[in-house]
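Throughout, a chain's letter reflects where its sequence line sits, starting with A, and its residues are numbered from 1.
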Amino acid sequence: MSLPFRARYSVLGLVAMCAVLISACQGEAEPPTPVTIIKEVPVEVIKEVEVEKEIIKEVEVEVEVPVEKVVEVEKIVEVEKIVEPTPEPEVSAGPPIYQMGIFEEPISRNFWNYYGGPAGSVWTQYVLDGHSGSLYGYSDQRFDWIPSLAADFPTDLVKETVGDTEFWTAEVPLTPGVVWSDGHELDAGDFVFTVNTVLDLQLSSNWAQAVDSAFLDRVEALDTHTLKVFFKTTDAEGNPQTPGLSVWQFGLGFMPVLAEHYWAPVIEEVKEAGEIEQQQEALFAHVPDGEPTLGGFVFDKWEPGAFFENDTDPNFFDQGTVVTMYANGAYSETNERTGHSATYFGEADGDKVLEYEVGPHVESELFSIYGNQDAAILALTNGDIDYVFNPLGLEKGFLDRVRNTPDLQIATNSNNGVRYLGFNVRKPPMDIPEFRQAVATVIDKEFVARTVLQDAAIPVYAMVPEGNEFWHNADVPKFGKDLSRGERITQAVDLLKKAGFTFEEEPEVSEDGAFISKQGKGLKMPDGSPVPEMTLLAPSAGYDPMRSTFAIWVERWLTDVGIPVRAQLTGFNVIVDELFSDTVAEDLDMWILGWGLSIFPDYLENFFHSRHSPEIGGGYNWGGYANGQFDDLSLGLLSETTIEGARDKAFQLQEFLAEDLPYVPLFTTPKLDAYRPSRIEFPYTSVLGGLEQQNGMQQEVVIK
Amino acid sequence: MAKYLLKRSAQILVTLFVFLTLVFFIVNAQPGDVSNFYALNPDVPPETRERLQDLFGVNEPLWKQYLVHIRNTFTGNFGVSFSHYPRSVADVIMERLPRTVVLFMTATALSFYLGFALGKVLAWRRGGWFEYTSTVGGVTLYTVFTPWFGLMMIWLFAFKAGWLPIGKFLDPVLWREAPIDANTVFNQMILTAFVVSIVVFAVFVITGQRRMGNARITRIASIVLASLAVVGVWFSSGTAVYAWDIVRHMVLPVVTLTLISFAGTMLLTRNSMLETMREDFVMAARAKGLTERAVRDKHVARNALLPVVTSFIFSLAFAVDGGVITESIFSWPGMGQTLVSATLTEDLPLAVGAFVFVGIFVLVAHLVADILYAYLDPRIRY
């Protein structure tokens with residue numbers, strides 16, 4: 001078969017041309033398809049709703065005005081704050097859809113998988129945030145522990161003997177009238193079912209953290225709206241134990257509850273899948289179509305690679321609740337629709353520091369998926385989305401771009417995280433506290449954070465960051481703080497000499513004390529052997545320029561003193577691999593990494609208790625820190641049952657760590673969130689961890 | 001020919017095996033594993049890491065993992081993706097492939113058409129301003145830093161001018177109420193292009209063989225009719241608005257890709273044409289009194305086509321790989337972006353699966369190119 005020449009190459013081109021041209025031609029006429037009509041309808045309705053809202057708000061103002069004569073002036077100011085009359089026409093920039101940008105795909109919409117399986121990414125967390133509820137939660141901004149699905153605080157833990165076994169028990173009343181998104185009423189059986197599923201299927205990760213089988217024996221439903229929790233009084237070895245805040249209030253109390261009437265048949269089927277591993281796989285593989293939810297939103301659509309959408313749950317129990325927080329520490333919530341009213345932590349009077357109405361105030365929430373942060377920020381500046389999630393922080397270039405966009409605003413908050421320098425305290429000389437203190441002394445965090453990094457970092461001295469105000473101890477020892485370079489060197493040399501270290505040549509400081517005129521040499525350990533060259537592992541600039549910058553400066557300052565350290569800037573995975581390797585005890589010297597932290601500082605025990613050393617328990621205490629005094633104190637924190645008692649212990653632990661320094665806390669970063677205030681409004685933007693830590697305030701945001 | 005095909009198939013099998021082995025060991029040479037990303041949360045018990053490693057089988061000895069990998073590949077089972085757990089790798093690839101095919105096949109065909117047409121003219125009009133501007137412009141675009149160029153295109157035409165969307169492949173607000181999913185539309189688009197290509201090809205074959213006097217008119221009429229038929233079918237299906245939305249989102253990446261790649265074909269065609277122009281048969285054609293256009297298009301260009309077609313076939317094959325950079329910049333979630341994210345998140349089954357898929361495609365493309373040689377150039381015999 002032979003073809004004319006032109007036909008052959010024309011065919012090649014036409015194949016592609018036709019694809020483009022034909023597809024392009026199809027949209028030219030924009031026919032009035034049913035789909036187009038559907039799209040237009042909500043826009044019109046939305047506009048009408050907006051107008052109605054404004055009228056209502058105006059009425060509220062008018063009603064409150066006469067009260068001005070009777071009530072204090074401050075109260076009127078607060079009322080005006082709530083109403084916040086919005087500018088007129090330009091505010092309605094589209095349908096009441098909360099449009100957010102994410103730049104990685106959620107992994108699954110199966111909540112079991114997200115909370116306890118491989119789908120546990122932050123991106124999954126953002127999209128599933130509005131799907132669940134728990135007995136207790138944190139209050140806004142202050143992070144007080146408050147009832148959520150529970151009607152009140154639990155009864156005090158008491159010892160109770162059932163049969164021959166003694167338990168710690170507590171009872172929890174449930175809020176009546178709470179319904180799932182499908183209209184089915186929530187009852188105690190849902191909690192019992194969730195706990196039993198976690199225990200039966202041996203779910204790990206966050207589920208294991210919430211349902212700690214070392215402590216929890218079982219949960220029973222006393223009636224449809226009363227739960228009874230049974231904790232074990234002894235551990236596996238028979239030692240007495242108490243379920244502290246981290247196990248009960250901030251553990252089981254925060255466990256998400258899933259609907260028994262939906263999941264029970266699924267679990268029955270899953271349990272027939274074989275071994276536990278197969279059962280877990282079957283559970284995680286289940287696609288939860290039509291799953292009832294509790295958090296204010298229900299799943300609507302997921303177009304992989306493009307967007308994820310949740311619709312508002314019309315049955316959301318908390319919708320319309322007015323939350324008020326007072327300067328005296330009191331917290332109150334009132335819902336006229338359900339008749340629910342509660343006040344905690346004092347009398348609800350005096351100055352209000354926050355007042356808002358719980359939503360959702362939107363028709364739906366749309367998570368647009370972008371290929372990278374750059375594309376997401378560009379979409380934000382272009383007005384395609386209202387808010388963008390930035391778990392890795394907003395880079396300086398993006399920050400400048402956002403600042404130069406008049407329509408956008410940046411909320412700056414403290415971050416609940418810390419980046420640190422860790423020591424392998426099993427090996428000399430890092431096993432000597434004075435050596436670690438000397439290292440901490442020569443590190444000028446303020447210089448790097450302010451001068452080099454231009455305030456992109458905030459120096460820290462305690463393992464609980466300053467932003468976590470209630471739990472942060474500001475009075476910990478601060479080695480080297482406010483010292484000049486010369487003073488730092490002198491103090492570090494003194495510390496080393498005090499511990500028995502010797503120099504062949506001591507470092508010398510210039511006359512003005514501003515720099516080193518002669519580096520230290522020949523540092524020898526107390527036993528006379530030379531200090532070996534050590535490696536400081538740190539992420540490379542490509543992964544985290546701040547940590548790599550710190551590592552370079554640390555190497556320089558330690559070398560000045562005469563401590564032979566070489567900074568090795570490498571991939572994040574290389575460092576993590578090293579930390580989890582079987583030879584960590586021998587190979588590791590120092591490393592720089594970071595932690596994102598929880599509000600309740602039980603992580604202090606996770607990081608530094610000797611039972612979490614890799615060689616013992618395979619935990620996060622990679623440096624092998626082992627101090628009996630610290631161990632006892634940290635276990636005391638875990639078994640503490642009162643907030644005040646726990647705070648006292650957390651303060652002691654921070655002091656201990658700042659003195660003994662298994663880690664040198666280096667810095668934290670401010671949390672920056674960019675959003676569009678002309679279209680969306682948050683009840684508050686000042687909060688630890690920023691708007692991102694609040695998952696973009698999906699239940700509270702108001703579309704203007 | 002059959003003997004040759006058998007021999008080539010055997011060679012391809014051996015090459016595929018070597019390729020599978022290399023891909024597996026190179027991807028596994030990365031430090032760490034997928035569990036790293038789940039094991040650095042202090043609230044998550046450390047046992048979780050081990051459980052994940054058990055679940056994914058990454059704590060097995062490497063040789064065992066390798067054997068599983070080879071067995072799975074030859075049985076068509078690439079395993080389960082870690083980063084899309086519990087979806088299978090094949091499922092993820094099948095989801096991403098149509099998006100890449102539509103974008104990159106279109107861009108590849110356009111750039112080759114443009115490059116070939118320009119290359120032909122360049123060879124014929126040497127030394128003029130057209131040659132200099134085309135060559136300098138084409139080479140500049142060919143060597144431009146792709147991420148920068150892509151971002152500039154977005155900034156200029158989407159952000160500043162507002163003519164086109166910023167990245168992505170669809171508008172979420174439009175699609176949230178869509179009765180169908182995007183992949184259905186992508187598949188329909190591919191099907192449409194395929195059917196139209198077949199129709200057009202058939203028309204060209206028929207009109208060419210019968211030496212019809214009005215062949216040109218017949219061809220144009222056929223193309224118009226086919227196009228109208230397709231438009232009618234799309235409108236009647238009610239999904240035209242969604243296809244149009246995808247096309248709108250395609251414009252910027254397609255134009256970008258075409259601009260940065262057409263010069264390769266242009267220069268290849270030009271060089272190939274220049275070599276052919278020295279042949280005796282070209283002089284003979286001229287001596288016969290044929291027009292310059294007839295000599296260029298029917299004698300020179302036809303003989304210069306072979307290397308261009310080879311390059312085109314390979315480009316089409318590599319198109320399924322997607323452009324890692326292009327897809328990332330334009331937020332086009334195809335094979336390229338999948339490869340990058342799979343590698344970064346240490347989703348080894350997905351990374352290996354994607355590489356292997358592309359590898360198989362390219363090897364098959366080699367075979368197709370060999371067969372095409374024989375068809376395009378009757379002098380070649382196997």
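- For E578(A), no part lies under 4.5 angstrom from a heavy atom of chain B.
- Only the backbone of I180(B) comes within contact range of chain A, judged by heavy atoms closer than 4.5 Å.
- R96(B) touches chain A through its side chain: at least one heavy atom from C-beta onward sits under 4.5 Å away, while N, CA, C and O do not.
- Once rounded to the nearest 0.5 Å, the distance linking NE2 of H609(A) with OG of S613(A) reads 9.5 Å.
- Nearest heavy-atom pair across K120(B) and T269(B) is N-CG2, 3.9 Å.
- Residue W175(B) touches chain A through both its backbone and its side chain, counting heavy-atom pairs closer than 4.5 Å.
- No cation-pi contact links K168(B) to F330(B), judged by a cut-off of 6.0 Å to the six-membered ring centre and 45° from its axis.
- By the 30° and 60° cut-offs, the orientation of the rings of F600(A) relative to F250(A) is parallel.
- Residues W207(A) and W112(A) bring their aromatic ring centres within 6.0 Å.
- Looking at S328(B), both its backbone and its side chain come within 4.5 Å of chain A, counting heavy atoms on both sides.
- Nearest approach of G334(B) to T338(B), heavy atoms of both residues: O-OG1, 2.6 Å.
- Taking the six-membered ring where the residue is Trp, the centroids of Y543(A) and F572(A) are separated by under 6.0 Å.
- In terms of heavy-atom pairs under 4.5 angstrom with chain A, the leader among S331(B), G232(B), A117(B) is S331(B).
- Only the side chain of S364(A) comes within less than 4.5 Å of a heavy atom in chain B; its backbone stays farther off.
- With respect to chain B, the highest number of heavy-atom pairs below 4.5 Å among D300(A), N110(A), I369(A) belongs to I369(A).
- The side chain to side chain contact (heavy atoms under 4.5 Å, CB included) test with Y620(A) singles out one residue from Y603(A), F608(A), W595(A), and that residue is W595(A).
- Residue F159(B) touches chain A through both its backbone and its side chain, counting heavy-atom pairs closer than 4.5 Å.
- Both the backbone and the side chain of N382(A) come within contact range of chain B, each with at least one heavy atom under 4.5 Å from a heavy atom of that chain.
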Under the side-chain contact (heavy atoms from CB on, under 4.5 Å) rule, what do W244(B) and V241(B) come out as? Steps first, then yes or no, please.
CA-CA 5 Å; W244(B) 170 243; V241(B) 65; 5.7 Å; no
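- For L366(A), the part sitting under 4.5 Å from any heavy atom of chain B is the side chain, from C-beta outward, and nothing else.
- Neither the backbone nor the side chain of L228(B) comes within less than 4.5 Å of any heavy atom of chain A.
- The parts of S368(A) that come within reach of chain B are both its backbone and its side chain, each placing non-hydrogen atoms under 4.5 angstrom from that chain.
- Neither the backbone nor the side chain of L114(B) has a heavy atom closer than 4.5 Å to any heavy atom of chain A.
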